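Shown next, in C-alpha cells, is the structure this report addresses.
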Amino acid sequence: MSGVEFVPLSLTPLLIGVFSAVACALPGNFLLLRRQALIGDAISHVVLPGIVVAFLVTGVVTAWPTMIGAALASLVAVVMIEAVRRLGRIEPGAAMGLTFTAMFAGGVLLLEQSDTSGVHLDVEHALYGNLEALIWLDAVGWESLLDPVALAGLPDELLRIALTLVAVGVFLWVCWRPLKLSTFDEAFAQTLGMRTSWIGLALVVVAAIAAVAAFDAVGSIIVIAMFICPPAAARLMTNRLEIQITWSVVFAVLSAVLGYILAGYGPLWLGLDNAVSAAGMIATVSGLILAACALWAPCRMRSGAPAQ
Amino acid sequence: MIWDALTLQLGYNATLVTIGACFLGVAAGVTGTFLYLRKRALVSDAISHATLPGVGLAFMAMVALGGDGRNLPGLLFGSAVSAGLGLLCVNWLTRRTRLAEDAAIGAVLSVFFGFGIVLLTVIQNMSAGRAAGLEGFLLGSTAGMLWNDAMVIAGGGVLTLVLVMILRRPMSHVAFDPEFAASSGVNVARIDLAIMGLAMAVTVVGLKIVGLILIVAMLIIPPVTARFWTNRTDLMVLISGTCGGIAAWVGAALSASAPSLPTGPIIVLVSFAMFAVSLFLAPNRGVLAAILRHRRFQRRVHLRQGLLALAQGQPIYEAFTLRLLKRAGLALSDGVATEAGKARAAKALRDEKRWELVRADPLFESAAALYDGLREIETVLTGDQIDEIDNRIGGPKGVMS
C-alpha cells in the first residue's frame, strides 16, 4: 500500500491502538498475578459516570475535563470497593460487581436525564470507542513525518496515549523490585520494610491512568481485553516474569495490528463493503491468541512445568 | 403518576413489563444468593457479556432464513447458546489451565463482547436501519415493547422462578457446605452447573429489560443486601428474593411513569439504595451497629479503669472517664469518689485480685480463658468458687511497722 493512503488514514489509528494495548497490558501482568484482573473491568465501567459528571460540570466534552473526571471516578470506585469490602465484610468479587454496576447505572441515568443532544457523548461510543476516526488529515505521505506543519495536526489522542505509555513504562522500571517482590511474596516484602499496601494502590492507580487514557482513544472494550488477554496468554508461555511481560507486549502489539487490519480490510476480502469495529476485532484477536496459548503453550498446566 | 405505575394502572404493556420484571427480580435474587455463597458472583458478568455474539448471530441467521431479525424468542435462544458457550470457556480455562477464575472471567467477558460488537457493526452495515433494535440489548429498553415480547419475558421470569424453587434445597446444601453435600449424595458438579444455568436463564430473560451490562447487578446486589440481615441460608434466599422483586417492581414502575428514565439503571439504583440502607442500618453486621458496639465497649473500658484508679487513690486526668464516672454518680467533678463510687471501686479492685488468682491457678483454666479485663467474675464462677478464692485472698491485713 502506498504511503499516500496509509499514513493519513491508518498510521495514527494503528499507532494509537498499539500504544493503548501495550499501556494496558503492562500493568495487566501484575494485576493478573495478584488476582486483581477484574479491576480493569471495574475501572472501564465506572469511567462512564466520570465522563458524564465532567461534562455536566464543564459543559464541554474535551480531553482534559473528561480524563480528570474519569480518573476521579475510578479513584472513587476503588475506594468504594474497599469500603464495601471492609465495612460490610463482603467478598471482593461481589463488592466489585456491586460498585461498578451501581456507578455505571448512575452514569447512564445522568446521561439520559441531561441534555447531551448537542455533543458527541453516548454509551455506545464509550463502549466501542472510535479508533477508525482518529485520522491524520494533514499528512500526505511518509514525508509528512518530517514536516513540522503536518506533525502539528496529529490527533491529540496519539500524544496522550504515547505519554501514558511512557509513564507506565517508567513506573514499572522504577518500582520493578518492590512490585515484583510484593506480587510474589507479600509477607517477605513486608519483612523487608516495604509498604505493600501502598505498592498495591500505586499499581491500581497506574492501571486506572492507563485505562482512562486508552479509553479516551479506543473505548472500554479494548481496555478490558488488553488488561487481561495478553498477560493471560503470556502467563501460559513462561514461568519468568520478565519473559512473561515481553510476551504480553508482543501479544498486545500483535492483537492491535492484526485486529486493526482484519477490521479494516477483512470485510473487503470477504466481499463486504464496509469495515467492522476495530475495537471489537482487536479484542477478538487477543481472545484467539489466548485460546491458542491455552491449547498449546508450554506452561499452560497448573503445575508450572512445561508440558511433556 | 408514580402511584399509578406502582399499582399497575399504566396500560397493558407497562403492567406486563412490571410484573415480568418483578418475577425476574425474585428469580435473580434467589439465584444470586447461591452464586454469592459459592463466591462466584462475577461469573455472571462473564455470562451476561457473552450473550452479545449470540444475539448478533441469531439476528443474522434469522435474516438469512428470510424471517424477521428482531424475533425476541429467536434472539434470546441465540443469546442463551453463546452465554452457555462462554460459561463453558470460563470453566475450561479455570480447570485445564493455570489461569485463575478472575482472569478466565475477564478474558471471556471481553473477547465475547468484542466479537459481539464486531457482529453488531456487520449487521449495521448489512441492513442499515433494520438493526436499530439490537443496541437495546446493551442497556435494555422497555419502551415500545411488543405484547408478545412482554409475554415472553413474564413467562420466562415465572419459569426461572419455578425452577429455582424446585432446586432450592440441593442448591443451598451445596452453597453452604459442598463437602457435606457431596457426602450426603448430592452431585456437587451438577448442582453447580444448575446454579450457573439458572444464572444464565435470568440473564437471558433480563436482557431485554435491564440490558446485558447491568443484569449482573440484579444477581449480585440483592444477595449482598440480604447477607446483612441474616446468617441463615433459607432466610437469606427469602430476603434476597424479596429485595430483588421490590427493586425490579419499583424500578420498572418508576421508569414507566416518566420519559428518559431507563428501566435497567433505575432498577439497579433502587437495588443499590436498599443495599446502602442495609450497610448502615442492619443489626449486628451494619456500620451503625458496629459503631454502637464500639462505643459501648469503650465506655466499659473507661469506667473500669476509672474505678480501679479511684480504688487505688490515683488522680484521674482523662476527661471522658471522669464524665462517665460523674454521670453514673460514682465521682464528683473534681475526681473525688462518692460513697457509691468507693463501694464500686473497692469491688472492682477485689475482682481484679480474684481474677489474678483465678488466672494463676490451673484448676480454673477454663474460667481463666474467658478473662478479657471487663467480664464480671460472677458470670464465670459460682458463688462457692468465689468464696473459696476469697478465703485464699484472706481479709484485710494491718500494715506492719
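Protein chains get the first letters and strands the later ones, always in sequence-line order, with residue 1 at the start of each. Please read these numbers as outputs of a predicted model, since none were measured by experiment.
Between chain B and the residues L31(A), L290(A), L288(A), L87(A), the most heavy-atom pairs under 4.5 angstrom are made by L87(A). The candidate with the highest count of non-hydrogen atom pairs below 4.5 Å against chain B, out of G28(A), P92(A), G93(A), is G93(A). For the set H49(B), R40(B), K39(B), the count of heavy-atom pairs under 4.5 angstrom toward chain A peaks at K39(B). By number of non-hydrogen pairs under 4.5 angstrom with chain B, the leading residue of S44(A), G287(A), G88(A) is G88(A). Between chain B and the residues M281(A), Q36(A), E91(A), the most heavy-atom pairs under 4.5 angstrom are made by E91(A). No other option in L99(B), L119(B), L279(B), L109(B) has as many heavy-atom pairs under 4.5 Å with chain A as L99(B). Per-residue heavy-atom pair counts under 4.5 Å with chain A were compared for L42(B), V111(B), D102(B), and the maximum is reached by D102(B).
Within the 4.5 angstrom heavy-atom criterion, atoms from both the backbone and the side chain of R285(B) approach chain A. Neither the backbone nor the side chain of A279(A) comes within contact range of chain B; no heavy atom of the residue lies under 4.5 Å from a heavy atom of that chain.
Closest of all the heavy-atom pairs between V52(A) and G107(A) is CG2-O, 3.9 Å. Nearest heavy atoms, A252(B) versus T263(B): CA-CG2, 4.0 Å.
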Item to complete: Evaluate the criterion side chain to side chain contact (heavy atoms under 4.5 Å, CB included) for residue pair N91(B) and M196(B); output intermediate values, then yes/no.
Response: CA-CA 11 Å; N91(B) 275 346; M196(B) 293 297 151; 5.6 Å; no
Discussion item. Quick one, R227(B) with M236(B), criterion side chain to side chain contact (heavy atoms under 4.5 Å, CB included). Give me CA distance, side-chain angles, the key distance, then yes/no.
Written reply: CA-CA 6 Å; R227(B) 186 67 188 87; M236(B) 187 173 158; 3.8 Å; yes
Practice prompt. List the steps, then state whether side chain to side chain contact (heavy atoms under 4.5 Å, CB included) holds for M60(B) with I123(B).
Written response: CA-CA 7 Å; M60(B) 287 158 91; I123(B) 291 172; 3.7 Å; yes
Worksheet item: Passes side chain to side chain contact (heavy atoms under 4.5 Å, CB included), S79(B) versus L207(B)? Steps please.
Response: CA-CA 9 Å; S79(B) 70; L207(B) 273 190; 3.7 Å; yes
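Side-chain contact between Y36(B) and I90(A) is present, with at least one heavy-atom pair separated by less than 4.5 Å. With contacts defined as side-chain heavy-atom distances shorter than 4.5 Å, the pair L32(A)/N29(A) does not qualify. Residues V285(A) and Y260(A) form no side-chain contact, since every pair of their non-hydrogen atoms from C-beta on lies 4.5 Å or further apart. Looking only at side-chain heavy atoms (C-beta outward), P262(B) and V108(A) come within less than 4.5 Å of each other.
Of residues 222-237 of chain A, those residues with a non-hydrogen atom less than 4.5 Å from any non-hydrogen atom of chain B are, in numerical order, I224(A), A225(A), I228(A), C229(A), A232(A), R235(A), L236(A). Residues of residues 216-225 of chain B that come within less than 4.5 angstrom of chain A, heavy atom to heavy atom, are V216(B), A217(B), I220(B), I221(B), V224(B) in numerical order.
Using modelled atom types, one finds a donor on one side chain and an acceptor on the other under 3.5 Å when comparing R34(A) with T183(A).
In terms of modelled atom types and a separation under 3.5 Å, the side chain of S240(B) and the main chain of V237(B) share no donor-acceptor contact.
Here the rule is side chain to side chain contact (heavy atoms under 4.5 Å, CB included) with L212(B), and of D45(B), V55(B), L52(B) only L52(B) fits it.
Here the two rings, on F275(B) and F272(B), have centers that are under 6.0 Å apart.
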